[in-house]
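Each residue takes its place number in the sequence, starting with 1.
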Amino acid sequence: SCSETIPQLPTLENLLNIFISNSQIEKAFLFDVISKIYVATDSSPVDMQSYELCCDMIDVVIDVSCIYGLGDQIDTTAFDTMSCSTIRLNNNTILFLKEVNKVLALVCILREENFEYEGLIDYNFGCFRKAIEKVFEVRAMSRNLRQAIAPPQPCVGGGE
C-alpha cells in the first residue's frame, strides 16, 4: 500500500490541506519531479485532467530550465531552490509550481482571482516547505536511531 511506502503520507496530506485552505487554492499535488508521480495530494478528489495538466507543467518547466536556465552547468538537475513557474490558462485558472527540494515540487491549481494573494501564497509556501523539511528530518533521525539500536545479528555457521 502507498501508506506503507511513504509512512508520512497522512502528515503530508494534512500539510497540503492546511496549505490550500489558507491560500485559497483549489488543488495541490506534491510531485516527485523525476518520475512525475505525485507523492501526496490534498483530500479533495483527483481528476485525471488536473493531474495531467500538472504533469505537463513539470515537463514545460524542466524543458525551459534545461534550455535557458542551466548555463554551463551540465551535471545538474533542472530544479533548484528558486525554481517556480506560473501559467495562466484561458479558463481563468492558474497553474503554479514551486520547488520544495531537489526531488519534490508543489504544483497547485487555483482560480485567477485568488492569485491576487500571491504574497500570502508565497508566505504559506515557505511555512509548508519548512514543515516538509521537518517531516523528512524526523524520518531520517528515526531511521538512524533504529539502525543505532538494532540488536547485533547472530553469526551464521561455524559455531562451537
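- Hydrophobic clustering, with ILVMFWY side chains joined whenever heavy atoms are under 4.5 angstrom apart, groups Ile34 together with Ile132.
- Rounded to the nearest 0.5 Å, atoms CD (Glu26) and CD1 (Ile94) are 11.5 Å apart.
- Leu97 and Tyr123 are assigned to two separate hydrophobic clusters, defined by single-linkage of ILVMFWY side chains at heavy-atom distances under 4.5 Å.
- Between Lys98 and the options Leu104, Thr86, Val107, Asp122, a side chain to side chain contact (heavy atoms under 4.5 Å, CB included) holds for only Asp122.
- If you take CD1 on Ile121 and CG on Leu110, they are separated by 5.0 Å, rounding to the nearest 0.5 Å.
- Residues Phe31 and Tyr51 meet the side-chain proximity criterion, which asks for heavy atoms closer than 4.5 Å.
- In terms of modelled atom types and a separation under 3.5 Å, the side chain of Glu99 and the main chain of Lys102 share a donor-acceptor contact.
- With rounding to the nearest 0.5 angstrom, the CE atom of Met57 is 13.0 Å from the CZ atom of Phe29.
- Closest approach of Asn17 to Ser43, counting heavy atoms only: OD1-N, 2.9 Å.
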Next on the checklist: Test side-chain contact (heavy atoms from CB on, under 4.5 Å) on Leu53 and Thr93; report intermediate values, then the result.
Outcome noted: CA-CA 11 Å; Leu53 269 173; Thr93 300; over 6 Å; no
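- For Glu113, the salt bridge (charged side-chain N to carboxylate O under 4.0 Å, His left out) partners at least two apart in sequence or on another chain are Arg111.
- Glu112 pairs by the salt bridge (charged side-chain N to carboxylate O under 4.0 Å, His left out) definition with Arg88, not counting sequence neighbours.
- Ser23 places no side-chain N or O within 3.5 Å of a backbone atom of Ile25 that could act as its donor or acceptor partner.
- No continuous path of ILVMFWY side-chain contacts below 4.5 Å connects Leu16 to Leu120, so the two sit in separate hydrophobic clusters.
- Checked by atom type and distance alone, the side chain of Asn124 pairs as donor or acceptor with a backbone atom of Asn22 at under 3.5 Å.
- Every residue two or more places apart in sequence or in another chain that forms a side-chain hydrogen bond (donor to acceptor under 3.5 Å, both in side chains) with Asp59 is listed here: Lys36.
- Between the side chain of Asp32 and the main chain of Ile37, no donor-acceptor pair closer than 3.5 Å is present.
- Formation of a donor-acceptor pair under 3.5 Å by the Ser21 side chain with backbone atoms of Ile18 is found in this model.
- Between Phe19 atom CZ and Leu15 atom CG the span is 11.0 Å, to the nearest 0.5 Å.
- Summarising the geometry, atom CG belonging to Leu106 is positioned 9.5 Å from atom OG1 belonging to Thr41; distances are rounded to the nearest 0.5 Å.
- The CD atom of Glu137 sits 5.0 Å away from the NZ atom of Lys134 when rounded to the nearest 0.5 Å.
- Phe125 is connected to Leu30 through a chain of hydrophobic side-chain contacts under 4.5 Å among Ile, Leu, Val, Met, Phe, Trp and Tyr, so both are in one cluster.
- In this structure, Asp47 does not pair ionically with Lys27, as no charged nitrogen and carboxylate oxygen lie closer than 4.0 Å.
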Checklist entry - Between Tyr38 and Cys54, does a side-chain contact (heavy atoms from CB on, under 4.5 Å) hold up when you go through it step by step? => result CA-CA 10 Å; Tyr38 70 88; Cys54 293; over 6 Å; no
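- For the pair Asn101 (side chain) and Glu133 (backbone), a donor-acceptor distance under 3.5 Å is absent.
- Hydrophobic clustering, with ILVMFWY side chains joined whenever heavy atoms are under 4.5 angstrom apart, groups Leu89 together with Ile109.
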